[in-house]
There are 2 protein chains.
Amino acid sequence: MAGVSTATVTRALSTPEVVRPDTRERVREVAASLGYHPNRAARGLITGRTGNLGLLVPDLANPFFPSIVKGVQARAHEADHAVFLADTDEDVAAEAGLVRKLAKQVDGMVLCSPRMAEPELRKLSAEVPTVLVYRRIPGVPSVTAEFLDGMRQAVNHLVALGHKEIAYVAGPRSSWANRERVRSLRAVTRKAGVELAEMGNVAPQFHGGVSVADRVLAAKVTAVIAYNDLVALGLLHRFAARGVAVPGDVSVLGFDDIPLAEMVHPALTTVALPKEEAGQAGVDLLLRLLDGHQEVRRELPTQLMVRGSTGPAR
Amino acid sequence: MAGVSTATVTRALSTPEVVRPDTRERVREVAASLGYHPNRAARGLITGRTGNLGLLVPDLANPFFPSIVKGVQARAHEADHAVFLADTDEDVAAEAGLVRKLAKQVDGMVLCSPRMAEPELRKLSAEVPTVLVYRRIPGVPSVTAEFLDGMRQAVNHLVALGHKEIAYVAGPRSSWANRERVRSLRAVTRKAGVELAEMGNVAPQFHGGVSVADRVLAAKVTAVIAYNDLVALGLLHRFAARGVAVPGDVSVLGFDDIPLAEMVHPALTTVALPKEEAGQAGVDLLLRLLDGHQEVRRELPTQLMVRGSTGPAR
DNA sequence: TCGCTCCATGAAAAGGTTTACACTGATCGT
DNA sequence: ACGATCAGTGTAAACCTTTTCATGGAGCGA
């Protein structure tokens with residue numbers, strides 16, 4: 001319709017600088033008037049790039065993840081990539097299979113804090129360009145946050161309030177994030193001369209916090225740090241039911257800063273992890289990886305959000 | 001490698017019954033040992049089916065939607081389809097564009113309560129097979145819930161508790177769901193002889209509830225039904241801050257039954273809408289639509305969840 | 001034994017792009 | 001005025017499947 005060959009059409013659209021300006025404009029106008037867009041499947045066939053990214057999350061119902069998905073989504077669309085989403089429903093066994101299935105149709109994958117074992121994950125990352133979000137494995141590009149610094153802020157805050165004995169409610173043993181948090185917390189409390197009572201491991205969910213709340217009280221601590229906000233909310237819930245005042249009797253501190261943290265009463269003091277930013281950074285790293293660059297790792301800052309659930313020690 | 005042509009390979013894998021059993025097995029073994037899987041893009045080129053579905057949600061940060069996404073996701077994977085996710089960030093203007101971009105790469109789209117204007121939506125559904133979730137438009141397949149019945153349960157519950165004057169905090173004017181809820185609520189309250197005070201419209205979010213809470217109190221009602229749970233939680237938050245007892249002074253009732261509803265104190269009484277089920281049903285309808293069946297509409301049941309935020313009228 | 005049917009398989013086209021290569025005409029230097 | 005260069009464009013192959021059509025051989029009835 002523009003009186004040119006298909007080759008010129010393709011050039012006018014994807015490498016505009018090589019066609020004469022008037023031809024280019026004509027082609028583009030006709031394309032627009034026809035609503036023509038190149039078929040991505042056909043293009044992928046020859047370029048080897050699909051323009052699609054895969055994103056894997058363990059459980060979208062955990063409010064931590066939707067924010068990450070949003071970040072990935074937004075950044076990917078900016079870069080004109082579409083996003084395949086897979087939710088494993090915390091099914092570790094299914095994870096690898098899902099990734100492999102998706103791998104065929106994408107240029108690369110963003111894996112969001114998978115529980116998968118390290119060797120498996122490493123193998124996967126050799127098969128398909130992969131970026132890890134909130135998990136770190138040597139040699140695999142990853143986005144994480146400064147857990148150590150976050151913990152330091154949290155503990156310093158509690159110390160400043162006069163707390164000397166702190167409980168930590170641990171998350172799943174197989175979770176990398178939990179191991180990191182424990183490690184950071186031990187280091188920080190040792191340095192601060194604070195006594196640390198570890199308990200758990202609980203499921204990283206509301207009911208996990210509910211189930212461990214009574215043990216926390218029995219430990220006679222004046223403050224408790226939870227693996228994440230959901231667990232902290234579970235603690236708050238059970239404390240309220242037992243008539244334990246927060247922060248009067250015990251201070252509660254979470255991790256993640258999910259939206260709910262602000263909505264409950266008392267609002268939850270928590271260490272905010274970058275979520276949308278992490279998703280965006282994940283996509284950035286992945287796209288750069290696809291372009292041959294080899295940026296290995298990015299570590300984002302954390303920020304203590306002081307709200308109502310922490311106060312002076314009893 | 002199996003000593004057969006590509007044609008036989010494709011047959012052995014996709015229409016096994018037409019090749020001789022021994023050939024079939026040989027091909028399959030070789031395929032497995034090579035880790036061969038047909039390239040979906042190339043297949044799509046000729047079959048016209050991509051095996052991909054598109055899913056559009058207005059805001060993944062609204063806890064109502066992740067559940068739906070999970071449902072869509074799960075059902076799609078069962079049917080061996082992958083899911084493209086798009087989050088419009090409540091940007092109505094971008095919605096149609098996003099859908100059109102995605103439309104090229106998918107067999108069909110599940111549109112989750114889009115704000116888009118009806119004519120636009122109708123046009124879109126002519127361009128690409130479409131199923132609407134939580135929105136109904138004549139002639140377009142859709143999945144909704146029995147709002148009227150849900151409202152009846154809610155109002156009957158309040159009436160049984162002795163409430164005679166009820167406020168409704170409306171959601172966005174452009175939202176179909178809001179219009180439905182208002183319509184149902186008016187019908188039900190009229191029949192029950194209950195006085196209805198409507199206020200709003202507010203954003204369907206926590207801060208929407210916070211911002212309207214004082215007006216609700218000023219209206220001197222004994223119970224309030226919120227557009228959705230987030231708004232209800234906003235109300236609870238502000239009531240708590242003002243020292244208004246729930247349900248002592250005022251009963252609060254939400255809509256949706258998002259996970260948070262159970263986690264706050266007092267736990268929120270709410271009308272549960274099927275979420276995962278709606279997502280699954282959406283995929284079911286879409287797949288059936290793609291097979292030429294024309295199931296037009298599905299309406300799922302709702303269920304009042306009585307929790308702590310409602311009690312006898314003051 | 002002949003001809004027919006039917007089953008299993010192969011050859012080739014088709015699907016919508018991109019890209020290597022070839023070609024044309026104009027510009028430039030001499 | 002001639003050849004070389006270069007910009008702009010077209011031709012055709014390639015990407016990886018699926019599917020239509022053709023082919024060959026076996027089985028069967030007469």
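We name chains A, B, ... by the order of the sequence lines, and we start the count at 1 in each one. Here the structure is a predicted model, which means the values were calculated and not measured.
Of the inter-residue distances, the one linking A/Thr50 atom OG1 with A/Gln105 atom CD reads 8.5 Å to the nearest 0.5 angstrom. Considering NZ of B/Lys275 and CG of B/Leu300, their distance stands at 11.5 Å, rounded to 0.5 Å. Remark: B/Leu34 CG to B/Glu29 CD distance equals 12.5 Å, nearest 0.5 Å.
Closest to the side chain of B/Arg20, out of D/dT17, C/dA8, D/dT9, is C/dA8. Closest to the B/Thr47 side chain, of the nucleotides D/dT19, D/dT17, C/dT17, is D/dT19. With distances taken from any side-chain atom of A/Ile46 to the nucleotides D/dG8, C/dG15, D/dC15, the minimum falls on D/dC15. Picking from D/dT17, C/dT17, D/dT9 the nucleotide with the shortest atom distance to the side chain of A/Thr8 gives D/dT9. Side chain of A/Thr23, nearest nucleotide from D/dT9, C/dA8, D/dG10: D/dT9.
Heavy-atom nearest nucleotides on DNA chain C were determined for A/His37 and for B/Ser5, and the one closer to the 5' end corresponds to B/Ser5. Between B/Asp22 and A/Thr6, the one whose closest nucleotide on DNA chain C sits nearer the 5' end is B/Asp22.
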Between protein and nucleic acid, restricted to nucleotides 20-27 of chain D and to nitrogen or oxygen atoms under 3.5 Å apart, what atom pairs and distances do you find?
none

Show me the protein contacts with nucleotides 23-26 of chain C, counting only N or O atoms at under 3.5 Å.
none

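The backbone N or O of B/Gly171 lies less than 3.5 Å from a partner atom in the side chain of B/Asn201, making a donor-acceptor pair. Using modelled atom types, no side-chain atom of B/Asp256 and backbone atom of B/Phe64 make a donor-acceptor pair closer than 3.5 Å.
Using a 4.0 Å heavy-atom cutoff across all strands shown, A/Val4 reaches sugar-phosphate atoms only and no base atom.
When each of B/Glu299, B/Arg297, B/Arg298 is checked for a side chain to side chain contact (heavy atoms under 4.5 Å, CB included) with B/Ser142, only B/Arg297 meets the rule.
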query: Can you list the steps and then say if A/Glu95 with A/Arg115 is a salt bridge (charged side-chain N to carboxylate O under 4.0 Å, His left out)?
result: CA-CA 8 Å; A/Glu95 260 183 12; A/Arg115 296 271 194 88; over 6 Å; no

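Using the six-membered ring where Trp is involved, A/Phe84 and B/Phe84 have ring planes that are parallel, under 30° apart on the 30 and 60° scheme.
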